[in-house]
Amino acid sequence: MSFEVVLTQSAQEIAERSGVVPALEERARDEIADLPGEGLEELERRLFHAFALGDGTEVICSLTADGAVRVDACEAGEA
């Protein structure tokens, strides 16, 4: 399964700060590939797929109109 991964500005900043840009892209690809059936079709049906990284960063993947997967992320900070 081939698709483009597009990181939002937030995801890019978080990944650059922690030095995991390639790892975040690969994890997003793996998460979509692990969805039942055809991963992209399942993602479209679900509207989004979320997962967490080991450091607590929450990641949300959604399908764009042109068939790319947009990856957004946010960090859980202390209040």
Next on the checklist: Evaluate V71 against V59 for side-chain contact (heavy atoms from CB on, under 4.5 Å), listing each step before the verdict.
Outcome noted: CA-CA 7 Å; V71 176; V59 179; 3.6 Å; yes
Next on the checklist: Quick one, F3 with R29, criterion side-chain contact (heavy atoms from CB on, under 4.5 Å). Give me CA distance, side-chain angles, the key distance, then yes/no.
Outcome noted: CA-CA 8 Å; F3 54 86; R29 288 183 186 284; 3.9 Å; yes
Checklist entry - Are I14 and V21 grouped together when hydrophobic residues (ILVMFWY) are joined by side-chain heavy atoms under 4.5 angstrom apart? => result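 No, separate clusters.
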Next on the checklist: Between V6 and I32, is there shared hydrophobic-cluster membership here, with clusters defined by ILVMFWY side-chain heavy atoms closer than 4.5 Å?
Outcome noted: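 No, separate clusters.
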Which pair of heavy atoms, one from [X] and one from [Y], lies closest together, and at what distance?
X: C61; Y: F51; result: SG-CE2, 3.7 Å
X: A68; Y: L63; result: O-CD1, 3.3 Å
X: L7; Y: Q12; result: CD1-OE1, 3.3 Å
X: S10; Y: A73; result: OG-O, 2.6 Å

Checklist entry - Is it true that E31 and R27 have a side-chain N and a carboxylate O under 4.0 angstrom from each other? => result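 Yes, this pair counts.
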Checklist entry - Salt bridge check: are E42 and R46 linked by an N-O gap of less than 4.0 Å? => result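 Judged by the 4.0 Å cut-off on N to carboxylate O distance, E42 and R46 do form a salt bridge.
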Item to check | Full working for side-chain contact (heavy atoms from CB on, under 4.5 Å) between L40 and L35 | outcome: CA-CA 8 Å; L40 290 179; L35 291 174; over 6 Å; no
Item to check | Reported CG-to-OG distance for the pair L53 and S18, which is rounded to 0.5 angstrom | outcome: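 These two atoms lie 8.0 Å from each other.
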Item to check | From Q9 atom CD to D72 atom CG, the distance as rounded to the nearest 0.5 Å | outcome: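 Going from the CD atom of Q9 to the CG atom of D72 covers 10.5 Å.
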Checklist entry - Which other residues belong to the hydrophobic cluster containing F48, where Ile, Leu, Val, Met, Phe, Trp and Tyr are joined when side-chain heavy atoms lie under 4.5 Å apart, directly or via other members? => result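 Noted: F48 shares its cluster with L47, I60.
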Checklist entry - Residues in salt bridge (charged side-chain N to carboxylate O under 4.0 Å, His left out) with E25, at least two apart? => result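 Salt bridge (charged side-chain N to carboxylate O under 4.0 Å, His left out) list for E25, sorted by chain: empty.
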Next on the checklist: Between S62 and R70, is the side-chain hydrogen bond (donor to acceptor under 3.5 Å, both in side chains) condition met? List the steps.
Outcome noted: CA-CA 5 Å; S62 56; R70 181 178 58 226; 3.1 Å; yes
